[in-house]
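One structure below.
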Amino acid sequence: MKPHLIKKFLKKQKIDFYLITNNDLHLNESPNLDLKDIYKLFKFDCTRGYILFFVNKFVFFTDSRYTLAAKKFFKNNCEIYNLSETTIVDYLIMQNKKLSGVLDPKLISVKEFRELNSKLEKNKIIIHPQFKNFFRKKYYPNFDISYPLSMPKYLIPRQFNDNLIKIKNNLKTEGILIWNNAHVAYLLNLRSFELWNSTKPFAGLFIPKKNIKPVLISNNSNLNKISKISKSFNIFREEKFIHFLKLSKFKIIETSYDFLNLNFYICLSKFLNLTETKINISKYLGVKTSKEIKNIENCHIEDGLAVLKFIFDLKKKSFNPKNEYEVSEYLYNKRKEGINFFRNSFDYISAFDSNAAIVHYKPHPKKSLTFKNRNILLTDSGAQYLEGTTDITRVIKVGNKNFSKIKYSYTYLLKSLVKIENKIFPRNIRSSILDLYIRNYLSKFNIYYSHGTGHGVGNFADVHERYPIISPKSRDILTNNNLFSIEPGHYVEGQFGLRLENLYVTKNSIGGMKLKNITLVPYDLDLVDFNLITNFERKFIKRYHQKIYKLFQSRLSDKYKRYFLQNLIDKI
């Protein structure tokens, strides 16, 4: 994609701006790089990002996780806005004039498009779908590298036929179009590998009310190799699926406007009625079964062992990485030794010192900070195992300097985790209350962070699941057996960044609900100010470390065991 082609198009068509999103056809959070328009345009990668491209400038919008990285990358070449402070709508209205813009309807949801225009139209600003591309685009991943598989029976949370029956029984129309491919993966116990760091098939699903075969909507011919799919489903490309709906004379079906792209909606709306579904599939898969919980806990044993060995080797200087990127690669190779490891669940964050203040910093093989004379390392990483998905952040002291500011903040972050693990919360509370509980505690000690406190985690699936979201604005209700991260942090631009992240399962107990920590990686006691730790907290952390040691003792060499006992148990 060339910026000059966009400028040429805008001038020729007398259009004021082109709104660029970073989605793919299924509106995935992290598409492959070659499917991300923003990356193809500027080589800047982020999860959530938008660009307003004008003839004489471009304006970049992202959330708080990427603003610092964007400022560092773009420098003075563009305007950069934090979406929590200035939205796209805010910016366009501030221009105080009538404007007309376009966007690619394949790369935005029906809901988001409607919300944008409903707010902008009042100010005589309109965004139109641009159906014809004026530069070359790639909409599909490489299916030649796809290896679809059906989950083993001993690992599946629910039979796929039971899932389909449940959906059918709740239909209010003639069928449902499911376009979120994470939902498709879960409902069908289906996994595939054409998307980087993901296990979702690049596919949609149509479940009819009447007794005919459901349809898997995909260009991936490899899906036919799975017997249950070839026997129980039709597999159609989008064009053939549209033709199928016309021939079958469906009149009204339901879908989620959150997840369906605008282009598909417009195509289907020409001959049938699409209504907003009441079926909340995100919540359905967000409540884990007991089998899922057991399997996810098992994968954390493999994951914890890999991260533990990585930390020990880093501390003992058993390997000598050149830079942040090589640190990530070393951890990745440790994970590959684990049972049923498949791939990373996202691109690792390995950041020394000031880079750790860039919340979603991504180390480059050649441009990342060198290991020499560094003080702390923040590593945020995760993996896909057949039994589940992991996500963990730890901060490790790698230098000799003893920074009181770092110790102070790190200690209170650790204390906040101890606090929530010992708190009995009311059942069915909003996740925003949990977010507020942690923020209020840390704010007493002048510790703040601008990102969310946590996110749902999938089962050998998305590392970021839609339900539940732990953030100030979330309206999600926490119930028994939800799985999510808790990851408070503290960032001082140009100096350091700290974050601690564990995964938790909600468990109903007498009098309310508790959070069970399933992450199995010790904290770095070299960063703890024990003058700030109570006796109860000291004992609690020690029991956690002892639990980890007991689990891994038989799989650790003598040198690892000695280091663990001396530095993580006896030291408390």
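Model, not experiment: these values are computed from the prediction. Just so it is clear, the values below take in all heavy atoms, side chains as well, and ignore hydrogens, waters and symmetry mates.
- With salt bridges taken as basic N to acidic carboxylate O contacts below 4.0 Å, one links Glu537 and Lys415.
- Ring geometry for Tyr412 versus Tyr408: interplanar angle over 60°, hence perpendicular rather than tilted (30 to 60°).
- For the pair Leu417 and Pro488, the tightest heavy-atom approach, listed with the atom from each and the gap, is CD2-CD, 4.0 Å.
- A 4.5 Å side-chain heavy-atom check between Arg158 and Lys166 finds every atom pair outside the cut-off.
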- Message: The test is side chain to side chain contact (heavy atoms under 4.5 Å, CB included); show your working for Ile376 and Asp353 and say whether it passes.
- Response: CA-CA 5 Å; Ile376 60 166; Asp353 299 340; 3.6 Å; yes
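- In this structure, Arg466 forms no cation-pi arrangement with Phe259, as its terminal cationic atom is not both closer than 6.0 Å to the ring centre and no more than 45° off the ring axis.
- Side-chain atoms of Asn422 come within 3.5 Å of backbone atoms of Val418 as a donor-acceptor pair (strictly under, hydrogens ignored).
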- Derivation and outcome, side chain to side chain contact (heavy atoms under 4.5 Å, CB included), residues Leu478 and Ser431: CA-CA 6 Å; Leu478 295 178; Ser431 59; 4.0 Å; yes
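- A distance of 4.0 Å separates OG1 in Thr255 from CG in Leu177, rounded to the nearest 0.5 Å.
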- Item | CA sep, side-chain torsions, deciding dist, call: Phe346, His360, ring-ring contact (aromatic ring centres under 6.0 Å, His included) | CA-CA 11 Å; Phe346 58 94; His360 269 219; 7.9 Å; no
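- Counting heavy atoms from C-beta on, the side chains of Leu195 and Asn32 come closer than 4.5 Å.
- With values rounded to the nearest 0.5 angstrom, Ser192 atom OG is found 12.0 Å from Lys200 atom NZ.
- A donor-acceptor contact shorter than 3.5 Å links the side chain of Lys315 to the backbone of Lys397.
- Atom-to-atom distance recorded for Trp179:CH2 and Ile217:CD1 is 5.5 Å, nearest 0.5 angstrom.
- For Lys407, the NZ atom is densely surrounded, since the number of other residues' heavy atoms within 6.0 Å is greater than 12.
- Using a 4.0 Å cut-off between charged side-chain N and carboxylate O, Lys336 and Glu329 make no salt bridge.
- Smallest separation of non-hydrogen atoms from Ser64 and Val359: O-CG2, 4.4 Å.
- Heavy atoms only, all atoms of each residue included: Arg48 and Tyr66 are closest at N-CE1, 4.2 Å.
- Annotation: the span from Leu525 atom CG to Ile569 atom CD1 amounts to 9.5 Å, rounded to 0.5 Å.
- For the residue pair Asn459 and Glu292, a side-chain donor N or O sits within less than 3.5 Å of a side-chain acceptor on the partner.
- By the 6.0 Å contact criterion, NZ on Lys291 is enclosed, its count of non-hydrogen atoms from other residues, nucleotides or ligands being greater than 12.
- Side-chain contact between Leu414 and Leu527 is absent, with no heavy atoms from C-beta onward closer than 4.5 Å.
- A donor and an acceptor atom, one from each side chain of Glu487 and His455, are located under 3.5 Å apart.
- At least one side-chain heavy atom of Tyr284 sits under 4.5 Å from a side-chain heavy atom of Tyr186.
- Proximity of a side-chain donor or acceptor of Thr277 to a complementary backbone N or O of Ile279 within less than 3.5 Å is detected.
- Checking side-chain atoms of Thr21 against main-chain N and O of Ile108 turns up no donor-acceptor pair under 3.5 Å.
- Of the possible polar contacts, one joining the Asn261 side chain to the Leu25 backbone as a donor-acceptor pair under 3.5 Å is found.
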- Query: Where do His300 and Leu503 land on the side chain to side chain contact (heavy atoms under 4.5 Å, CB included) test, with the steps shown first?
  - Reply: CA-CA 10 Å; His300 275 80; Leu503 298 193; 3.4 Å; yes
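- No donor-acceptor pair closer than 3.5 Å links the side chain of Asn22 to the backbone N or O of Thr47.
- Counting non-hydrogen atoms of neighbouring residues, nucleotides and ligands closer than 6.0 angstrom, the NZ atom of Lys168 exceeds 12 such neighbours.
- Across all non-hydrogen atoms, the minimal contact from Glu254 to Lys172 is OE1-N, 3.0 Å.
- A donor-acceptor pair under 3.5 Å is formed between the side chain of Thr506 and the backbone N or O of Thr479.
- The existence of a salt bridge linking Arg394 and Asp524 is excluded, since no basic side-chain nitrogen approaches an acidic carboxylate oxygen closer than 4.0 Å.
- Taken from CG in Leu378 to OG in Ser350, the straight-line distance is 8.5 Å, to the nearest 0.5 Å.
- Taking both residues in full, the closest heavy atoms of Pro148 and Leu223 are given as CB-CD2, 3.9 Å, listed atom of the first, atom of the second, then distance.
- No side-chain heavy atom of Tyr449 sits under 4.5 Å from any side-chain heavy atom of Leu498.
- For the residue pair Ser146/Asn220, the side-chain donor-acceptor check at 3.5 Å is satisfied.
- Listed for the Arg475 side chain is no donor-acceptor partner under 3.5 Å among the backbone atoms of Arg430.
- Side chains of Ser345 and Thr389: a donor-acceptor N/O pair is absent below 3.5 angstrom, by distance only.
- Between Ser432 and Ile469 there is no side-chain heavy-atom pair separated by less than 4.5 Å.
- Note on ring orientation: taking the six-membered ring where Trp is involved, the planes of Tyr544 and Tyr523 are tilted (angle from 30° to 60°).
- At distances below 3.5 Å, not a single donor-acceptor pair connects side-chain atoms of His490 with backbone N or O atoms of Ile447.
- Atoms OG and CG, from Ser30 and Leu35 in turn, are 11.5 Å apart once rounded to the nearest 0.5 Å.
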- Message: Evaluate Phe564 against Phe552 for ring-ring contact (aromatic ring centres under 6.0 Å, His included), listing each step before the verdict.
- Response: CA-CA 10 Å; Phe564 199 123; Phe552 296 150; 8.0 Å; no
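- With hydrogens and angles disregarded, a donor-acceptor distance shorter than 3.5 Å links the side chain of Arg343 to the backbone of Ser198.
- Relative ring orientation between Phe310 and Phe319 is described as tilted, the plane-to-plane angle lying within the 30° to 60° band.
- Within 6.0 Å of CD on Glu493 lie no more than 12 heavy atoms contributed by other residues, nucleotides or ligands.
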- Message: For Phe342 and Phe193: C-alpha separation, side-chain torsions, deciding distance, then whether ring-ring contact (aromatic ring centres under 6.0 Å, His included) applies.
- Response: CA-CA 10 Å; Phe342 271 74; Phe193 300 97; 5.7 Å; yes
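- Under 3.5 Å, the side chains of Ser150 and Lys228 contain a donor-acceptor pair of N or O atoms.
- No side-chain heavy atom of Ile167 sits under 4.5 Å from any side-chain heavy atom of His183.
- Side-chain atoms of Asn481 and Lys507 form a donor-acceptor pair, as typed in the model, at a separation below 3.5 Å.
- What you find for Lys561 and Gln553 is that their closest heavy atoms are CD-O, 3.6 Å.
- Using cut-offs of 30° and 60° on the angle between ring planes, the pair Tyr332 and Tyr348 is perpendicular.
- Using bins of under 30°, 30° to 60° and over 60° for the plane-to-plane angle, the ring pair Phe233/Phe160 lands in the tilted bin.
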- Message: Could you walk me through whether Glu302 and Arg555 satisfy the salt bridge (Lys or Arg N to Asp or Glu O under 4.0 Å) test, starting with their C-alpha distance in whole Å, then the side-chain angles of each, then the deciding distance to 0.1 Å, before giving a yes or no?
- Response: CA-CA 11 Å; Glu302 290 303 307; Arg555 298 176 67 179; 2.8 Å; yes
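- The shortest distance between side-chain heavy atoms of Lys571 and Asp526 falls below 4.5 Å.
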